[in-house]
Every structure is written in structure tokens, then in C-alpha cells.
Amino acid sequence: MIRDGCGIGTIGHWITDSAGLTPDQVAIEFLESVVTYRELNEGSTQLARGLLAHGLVRGDRVVTLSENRPEQVELFFACAKAGLILAPLNCHSSVVELARQLESFTPSLAAASRSQRARLSEACSLVGSSSPYGLEGLADSLVQRSNVVDLPPVHESDGLLLISASGTP
């Protein structure tokens with residue numbers, strides 16, 4: 001069954017339901033800020049639409065290089081809602097290892113936190129990929145036309161994460 005674009009057993013459906021049941025409960029505490037389930041659901045929906053408005057299509061891959069941050073969580077749920085595959089890269093990987101993973105994963109979009117952006121930019125340049133977006137400002141960079149984009153149907157069998165282990169090319 002598909003509701004709000006997401007199948008009942010999907011992560012995108014889970015965050016939407018959580019926001020409906022406990023909208024003001026804290027979903028994320030990070031440093032001095034908190035994000036409620038409502039805010040996480042609304043932000044991830046807007047970001048999902050922004051990614052699709054940017055030209056990504058269901059099944060495309062999005063790589064990130066970031067320490068643990070709320071924006072990474074929001075992007076995870078956005079990918080779940082848009083039918084995209086998130087491939088978080090390891091911050092401890094060398095630039096050459098990151099470049100190999102970029103070649104292997106063939107992402108449609110790359111994003112990095114402020115502290116990791118230069119390293120991911122260098123890895124992208126080694127493989128001829130576009131420069132990464134800033135993870136902290138990704139939603140603002142993509143939302144101009146996002147309200148007109150419908151989310152695609154997402155099924156339980158759709159991919160969501162692409163994770164590589166140490167030493168994976």
C-alpha cells in the first residue's frame with residue numbers, strides 16, 4: 001500500500017507517521033539545538049522535493065561526507081521519500097579512497113559538511129565529478145522550485161542505503 005508517496009513499510013512512511021503521532025517530540029538533539037519530528041518530517045519532504053526538482057530521479061545516488069549532524073539525518077529521510085539511494089562516505093577515508101568510492105557509486109549529487117567539503121571537492125576533481133554542495137545549506141540550495149514536484153511512489157523493495165566497508169573500492 002502506498003500513502004503519501006511511501007509504502008507502509010518504508011522509512012519515509014515511518015517519519016511521516018511519527019510526525020503525525022508525536023509532532024512536538026524531540027527527534028534530534030545536537031549541540032544546542034533540537035529538531036522535532038514535525039520539523040524533521042517537513043524538512044525532509046521539502047528536501048526530497050528539492051532533490052527531485054534539481055533533476056534527480058528515483059534510484060539515483062547521493063553521496064555525503066560528514067560527521068554526524070542533523071542535516072545528514074534529514075537527507076537520509078529525504079532520500080527515503082524521494083526513492084533515492086544515500087551513500088554516506090567515511091570521514092576517515094583518504095581523498096584517493098573517496099575518489100574510488102565516487103567512481104564506484106556514480107552519484108548524481110554529492111554533499112559535504114563544512115569541515116569535509118574541501119576533501120570531497122578534491123576527490124570529486126580526481127574523478128571529474130561536479131563539486132559537492134554544502135550539506136548544511138543543501139535544502140536552501142535546492143528548494144526554489146520544489147513545491148511543484150510530486151514525490152514518486154516508493155516501495156519497500158526500493159534501495160535506500162549504499163554503504164561501503166573499509167577497503168571497499
Side-chain angles (χ1 to χ4, degrees), residues 2 4-7 9-19 27-28 30 35 37 39-93 97-117 119-121 123-124 127 129-143 146 149-169:
I2 301 289
D4 297 332
C6 293
T10 66
I11 298 292
H13 179 77
W14 178 86
I15 191 63
T16 300
D17 277 358
S18 294
I28 301 171
F30 181 73
V35 178
Y37 282 102
E39 292 167 333
L40 183 57
N41 184 54
E42 290 171 356
S44 62
T45 298
Q46 187 74 357
L47 182 53
R49 288 184 171 137
L51 290 163
L52 295 170
H54 187 67
L56 277 71
V57 296
R58 191 170 153 216
D60 278 352
R61 296 173 181 173
V62 176
V63 299
T64 58
L65 184 63
S66 174
E67 56 285 329
N68 294 331
R69 346 185 15 88
E71 296 88 356
Q72 181 81 352
V73 177
E74 185 176 81
L75 181 57
F76 169 73
F77 285 113
C79 286
K81 291 177 178 189
L84 303 172
I85 299 171
L86 180 65
L89 304 175
N90 186 331
C91 290
H92 301 290
S93 297
E97 290 170 324
L98 294 171
R100 275 193 228 127
Q101 290 175 335
L102 289 170
E103 279 184 319
S104 177
F105 295 165
T106 60
S108 298
L109 185 132
S113 65
R114 246 179 236 105
S115 65
Q116 299 295 324
R117 197 164 179 191
R119 294 180 64 242
L120 189 55
S121 290
C124 285
V127 297
S129 292
S130 300
S131 293
Y133 284 85
L135 185 60
E136 291 89 349
L138 184 60
D140 294 335
S141 299
L142 302 177
V143 296
S146 62
V149 175
D150 290 328
L151 298 177
V154 178
H155 304 277
E156 291 84 353
S157 60
D158 289 344
L160 174 58
L161 282 172
L162 181 58
I163 305 219
S164 65
S166 177
T168 303

Between Ser115 and Glu67, do the side chains contain a donor N or O and an acceptor N or O under 3.5 Å apart?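 Yes, because at least one side-chain N or O of Glu67 sits under 3.5 Å from a partner of the opposite role on Ser115.
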Is a donor from one side chain sitting under 3.5 angstrom from an acceptor on the other, for Ser164 and Gln101?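 Yes, side-chain donor-acceptor contact under 3.5 Å.
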May I have the step-by-step check of side chain to side chain contact (heavy atoms under 4.5 Å, CB included) for Leu109 and Asp60, ending in yes or no? CA-CA 8 Å; Leu109 185 132; Asp60 278 352; over 6 Å; no
Measure across [X] and [Y] and return the closest heavy-atom pair with its distance rounded to 0.1 Å.
X     : Y      : answer
Glu74 : Leu40  : CA-CD1, 3.8 Å
Leu86 : Cys79  : CB-SG, 4.0 Å
Ala53 : Val149 : CB-CG2, 3.5 Å
Tyr37 : Ala19  : O-CB, 3.5 Å
Ser44 : Lys81  : OG-NZ, 3.0 Å
Ala48 : Ala78  : CB-O, 3.4 Å

Side chain to side chain donor-acceptor pair (under 3.5 Å), that's the test. Do Arg49 and Gln46 meet it? Break it down for me. CA-CA 5 Å; Arg49 288 184 171 137; Gln46 187 74 357; 5.0 Å; no
Please lay out, stage by stage, how Phe76 and Leu160 fare under the test side chain to side chain contact (heavy atoms under 4.5 Å, CB included). CA-CA 8 Å; Phe76 169 73; Leu160 174 58; 3.6 Å; yes
Side chains of [X] and [Y] in contact at under 4.5 Å (non-hydrogen atoms):
X      : Y      : result
Ile85  : Val62  : no
His54  : Tyr133 : yes
Leu65  : Pro132 : no
Leu52  : Val57  : no
Leu84  : Arg61  : no
Leu161 : Pro88  : yes

Quick one, Gln72 with Ser66, criterion side chain to side chain contact (heavy atoms under 4.5 Å, CB included). Give me CA distance, side-chain angles, the key distance, then yes/no. CA-CA 7 Å; Gln72 181 81 352; Ser66 174; 4.0 Å; yes
Angle between ring planes, Phe77 versus Trp14, binned at 30° and 60°: parallel, tilted or perpendicular?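 Judged by the thresholds at 30° and 60°, the geometry between Phe77 and Trp14 is parallel.
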Who pairs with Asp158 by salt bridge (charged side-chain N to carboxylate O under 4.0 Å, His left out), at least two apart in sequence or on another chain?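 If we apply the salt bridge (charged side-chain N to carboxylate O under 4.0 Å, His left out) test to Asp158, skipping adjacent residues, the hits are Arg58.
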Those residues at least two apart in sequence (or on a different chain) that pass salt bridge (charged side-chain N to carboxylate O under 4.0 Å, His left out) with Glu71 are Arg69
Test side chain to side chain contact (heavy atoms under 4.5 Å, CB included) on Leu75 and Leu51; report intermediate values, then the result. CA-CA 10 Å; Leu75 181 57; Leu51 290 163; 3.8 Å; yes
Test side chain to side chain contact (heavy atoms under 4.5 Å, CB included) applied to Val127 - qualifying residues, sequence neighbours left out: Ala99, Leu102, Glu103, Ser129
Donor-acceptor contact present, side-chain Arg114 to main-chain Leu135, <3.5 Å: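 Between the backbone of Leu135 and the side chain of Arg114 there is no qualifying donor-acceptor contact (under 3.5 Å).
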Side chain Ser104, main chain Arg100, donor-acceptor under 3.5 Å: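 The answer is no, because no donor-acceptor pair under 3.5 Å joins these two groups.
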Reported OG1-to-CD distance for the pair Thr16 and Glu42, which is rounded to 0.5 angstrom: 10.5 Å
Nearest 0.5 angstrom please: Ser113 OG to Leu138 CG, how far?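 Answer rounded to 0.5 Å: 12.5 Å.
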